[in-house]
Peer 1: 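Take a look at the following structure, please.
A, B, ... follow the sequence lines: proteins, then strands. Residue 1 opens every chain. Just so it is clear, the values below take in all heavy atoms, side chains as well, and ignore hydrogens, waters and symmetry mates.
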Number of protein chains: 2
Amino acid sequence: MKVTIQDIAKAANVAKSTVSKVLNDSPKISKETKTRVREIMEQMNYTPSSIATRLAKRSSHNIGMLIDMARESEYMNPFFLNIISGIESVIGPMKYELTIANMQQDDPERNVINRLVRSGRIDGLIANNAIMSEDMVKTLNSLDFPFVTIGEFHSFPVPWADYDNAEGGRMLTGHLLDEGYRDIAFIGGEPLERIFTKRHQGYRQALLEAGIPYREDRTIHGVADENHGYQAVLELLRSDHPPDSLVCMNNYSAFGALKAIQQAGIAIPGEIGIATFDDYPFSPHTNPPLTSLFIDTFQLGATAGRMLIEVMNQPDLPYPSLLLQPKLNIRESTLKRKAGLE
Amino acid sequence: MKVTIQDIAKAANVAKSTVSKVLNDSPKISKETKTRVREIMEQMNYTPSSIATRLAKRSSHNIGMLIDMARESEYMNPFFLNIISGIESVIGPMKYELTIANMQQDDPERNVINRLVRSGRIDGLIANNAIMSEDMVKTLNSLDFPFVTIGEFHSFPVPWADYDNAEGGRMLTGHLLDEGYRDIAFIGGEPLERIFTKRHQGYRQALLEAGIPYREDRTIHGVADENHGYQAVLELLRSDHPPDSLVCMNNYSAFGALKAIQQAGIAIPGEIGIATFDDYPFSPHTNPPLTSLFIDTFQLGATAGRMLIEVMNQPDLPYPSLLLQPKLNIRESTLKRKAGLE
DNA sequence: TTGTAAGCGTTATCAT
DNA sequence: ATGATAACGCTTACAA
């Protein structure tokens, strides 16, 4: 059947321990035996059983990515392949495999920790902060099991990688200020959402730095979808003194806002400027194209992967954490000065 | 350190084979021993080593999803999470794990077949037809290794699951005909693209069935992106007798077409109708919203997963293949009759 | 119903 | 430089 290390040993007239050493390129084996054994392996089409190797080496050489397929679809979908490609780009060359696991909270028997961690299926774990409960963190820590979350984590010291959402808010708002806008509204986001809090905080800070007073009524809370963006902006435009520009929580929010503005026949970027978080899927395609904040999700994955490897190799160092910087894609929707010159 | 089956055996005063049988819920073990041993497992926080189990059982209980992260990103990105969620939904409950592997053609040493298949890392493989070369099919077959491709495969008999692109073309075209359109152009797609061929074939057939002659010059080939859609339709509209409706290869293509039409000030759906493949990301959001063909990528993944399990369990049956049916989402962009009544 | 012992395919530790 | 042999942690005949 399957050819094993034993078969090679027999064919080469050596002990299987010798074959094993050839496999691991041990310096104690002579050049001659190595080449001879390798030739035989080639001939017999031998590939070592990774499972046996793992058992003997006590390492699965496998890292796990935990997601909640039920919940995350909408938000993660467009980015997921990028993220895992990023992870793969760093762990792949180190011969680690990537296992995707679906956490099913409804089935405690198929508990994630047992299924993956205790069973030795994976050597390290990456998960979105949204699904990483404090209980899980505790358990993982008590097992000295290496993991990294994608997304900031502050209630506990854990290793994490994220984009700097506050800085993003500053960048978008700062850009609008640079372009001469003065009355900037923030559209979308629930007060308790972690991401909203960060983004909004950057917005406030940019205002503060520019010496512009923060106005409570310029933040329109909500689910950050197209409909909310539309309704919110419609209402703003109806008021006596509408804002002269908008920062939107995401592309859908911005798209709704855009509709409302166009319907009201107000000029972009001349009369109102609009900038938004996320570059996907609409920003480059709308009319006018939207100034927006690009987040390199591949890099995010790669960073998380690198951090995990680091944590796995040096468990005793303090937990690392890293904020990546977003990139501002300036497009027509905020170019007030340029528009003014025309 | 880690608690093993041996420790449990000792603590419970039984042989480790007994513990193993308890683990596998063998009917030969008495209720009493079972509960006693299980209690001890619980107390000692025991989880069996999956690697040891796999070695003993000679099955990795793991299935692999092979992708080319370098190439597929753009096309697969929005669907990838859906597809693997679908796969997981069927293999997960059967206790299979999902490993995502990046095929790196540039590195033959890290050859996919060896790395995953021969090494016993996975028991079955799912891959997009685009990256499944004939060589690979041959090798896989010679190893009697179970696999399924996502996407039709005809050069060889292999198990595959796909959406019925020809039927999709018929549905879109047929719907336009039903609405009273008679001169339907097909926008986007390269003549040699497999998907284009299928979709276009359905388009032609619908015309044929309606007794409308097929006109070569009504098919505008190209890369099927926004720019091509825009240019193509711009040109069509400039001609003496522009078509009265469009079938577009995808959302980007359709989006470009939409821009051209709006710019020309032509009424949708009154003067021209527009229908497109794919429901993502623009179709529901444009103005007017686009009639489009929805493909349930979760189902596609689930189907592929089910087929793989089937092939794994019954290797001797003839290879299955399955065409799933798309769903037509009718929206304003093609409702000519209704528009006519107003 | 339970126990004994021989695998599963490697690696690792000693000898030689 | 090579070989014997005991792990690694589980399953599975076969005995008892």
Peer 1: CG of A:Leu98 to CD1 of A:Ile126: how many Å apart, nearest 0.5 Å?
Peer 2: 7.0 Å

Peer 1: If I take atom CG from residue A:Leu66 and atom CZ from residue A:Phe147, how far apart are they, to the nearest 0.5 angstrom?
Peer 2: 11.5 Å

Peer 1: Take the protein atom CZ of B:Arg36 and the nucleotide atom P of C:dT1, then report the distance between them rounded to whole Å.
Peer 2: 15 Å

Peer 1: Expressed in angstrom and rounded to an integer, what is the separation of B:Asn13 atom CG from C:dG3 atom P?
Peer 2: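 Taking atom P of C:dG3 as the reference, CG of B:Asn13 is at 8 Å.
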
Peer 1: Rounded to the nearest Å, what distance is computed from the CD1 atom of residue B:Ile5 to the P atom of nucleotide C:dA5?
Peer 2: 17 Å

Peer 1: Which part of the nucleic acid does A:Ser20 contact within heavy-atom distance under 4.0 Å: base, sugar-phosphate only, or nothing?
Peer 2: base

Peer 1: Rounded off to whole Å, could you give me the NZ-to-P distance for the A:Lys21 and C:dG9 pair?
Peer 2: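 The answer, rounded to whole Å, is 20 Å.
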
Peer 1: Across the strands shown, which category fits A:Thr33 at heavy-atom distances under 4.0 angstrom: base, sugar-phosphate, nothing?
Peer 2: sugar-phosphate

Peer 1: Side chain of B:Ala15 only, heavy atoms from C-beta on: which candidate in C:dG9, C:dG3, C:dC8 is closest?
Peer 2: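 Looking only at side-chain atoms, B:Ala15 lies closest to C:dG3.
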
Peer 1: Send over the distance from A:Met41 CE to C:dT10 P, rounded to a whole Å.
Peer 2: 9 Å

Peer 1: Just by distance, do the side chain of A:Asn24 and the backbone of A:Ser26 share a donor-acceptor pair under 3.5 Å?
Peer 2: no

Peer 1: Round to the nearest Å and state the distance from B:Lys16 atom NZ to C:dG7 atom P.
Peer 2: 13 Å

Peer 1: Heavy atoms, side chains only, cut-off 4.5 Å: are A:Glu88 and A:Tyr96 in contact?
Peer 2: no

Peer 1: Using only atom types and a distance under 3.5 Å, with no angle test, would you say the side chain of A:Ser60 pairs donor to acceptor with the backbone of A:Arg121?
Peer 2: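 Checked: pair present.
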
Peer 1: Going 5' to 3' along DNA chain D, between which two nucleotides do contacts with chain B fall, using a heavy-atom cut-off of 4.0 Å?
Peer 2: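 Both ends considered, the range comes out as D:dG9 to D:dA13.
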
Peer 1: What does B:Val14 touch in the nucleic acid at a heavy-atom separation under 4.0 angstrom: a base, only the sugar-phosphate, or nothing?
Peer 2: sugar-phosphate

Peer 1: Let me know the distance between CG of B:Leu55 and P of C:dT11, rounded to the nearest Å.
Peer 2: 12 Å

Peer 1: Taking for each residue the nucleotide of DNA chain D bearing the nearest heavy atom, is the 5' side occupied by B:Ser49 or by A:Ser17?
Peer 2: A:Ser17

Peer 1: Got a salt bridge between A:Asp7 and A:Lys2, using NZ or NE/NH1/NH2 to carboxylate O under 4.0 Å?
Peer 2: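 Result for this pair is no, no salt bridge flagged.
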
Peer 1: Check the phosphate of C:dT1 against B:Ser30, side-chain N and O only, distance under 4.0 Å to OP1 or OP2. Yes or no?
Peer 2: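 No, B:Ser30 has no side-chain N/O under 4.0 Å of OP1/OP2 on C:dT1.
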
Peer 1: Atom NZ of A:Lys57 to atom C1' of C:dT11: distance rounded to whole Å?
Peer 2: 8 Å

